[in-house]
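Worth knowing before you read on, the calculation uses all heavy atoms, side chains too, and leaves out hydrogens, waters and symmetry mates.
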Amino acid sequence: MNDEFESGDEVEIAYESTRSGNTVSRTGTVVQTPEGDGQTVLFVKTDDTQFTGVTSDYVFSVSAEEFDPDADSESRIQRTVSLGPLKSVRAR
């Protein structure tokens, strides 16, 4: 998955919602494709304070405070939520 996408790419993520059981999709811009411990995680910005993380088999949501690049403080994660098993990730 790491080789397929680069920062700035527009992607659509489809997953099976653990809440409803339905297939749900989110679209956004790839902001980071870090790799560590043998696992790749793709981070996609889906809203100003919302990121969607994708592993090889699962999708999760990360919410952060508003980020002001001119401020001295960094944004902080407020909440992480598991969304469901990954169905697909494709370029838009």
About how many Å separate [atom2] of [Y] and [atom1] of [X], when rounded to the nearest 0.5 Å?
X: Leu42; Y: Phe51; atom1: CG; atom2: CZ; answer: 12.5 Å
X: Gln50; Y: Arg79; atom1: CD; atom2: CZ; answer: 7.0 Å
X: Asp9; Y: Arg90; atom1: CG; atom2: CZ; answer: 14.0 Å

>> Apply side-chain contact (heavy atoms from CB on, under 4.5 Å) to residues Val41 and Thr55 and explain how you reach the verdict.
In response: CA-CA 5 Å; Val41 180; Thr55 66; 4.1 Å; yes
Contact summary for [X] and [Y], nearest pair of heavy atoms:
X: Thr27; Y: Thr46; answer: O-CG2, 3.4 Å
X: Val24; Y: Ser17; answer: CG2-CB, 3.8 Å
X: Thr18; Y: Gly84; answer: CG2-CA, 3.6 Å

>> Taking salt bridge (Lys or Arg N to Asp or Glu O under 4.0 Å) as the definition, give me every residue that meets it alongside Glu10, ordered by chain and number, with sequence neighbours left out.
In response: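 Not a single residue meets the salt bridge (Lys or Arg N to Asp or Glu O under 4.0 Å) criterion with Glu10.
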>> Test your reading of the model: is there a side-chain donor-acceptor pair from Ser25 to the backbone of Ile13, 3.5 Å cut-off?
In response: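 No: the side chain of Ser25 does not pair with the backbone of Ile13.
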>> Does any part of the side chain of Val59, heavy atoms only, come nearer than 4.5 Å to the side chain of Arg26, both counted from C-beta?
In response: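 Side-chain contact under 4.5 Å: no.
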> Residues in side-chain contact (heavy atoms from CB on, under 4.5 Å) with Ser82, at least two apart?
Replying inline: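 Residues passing side-chain contact (heavy atoms from CB on, under 4.5 Å) with Ser82: Tyr58.
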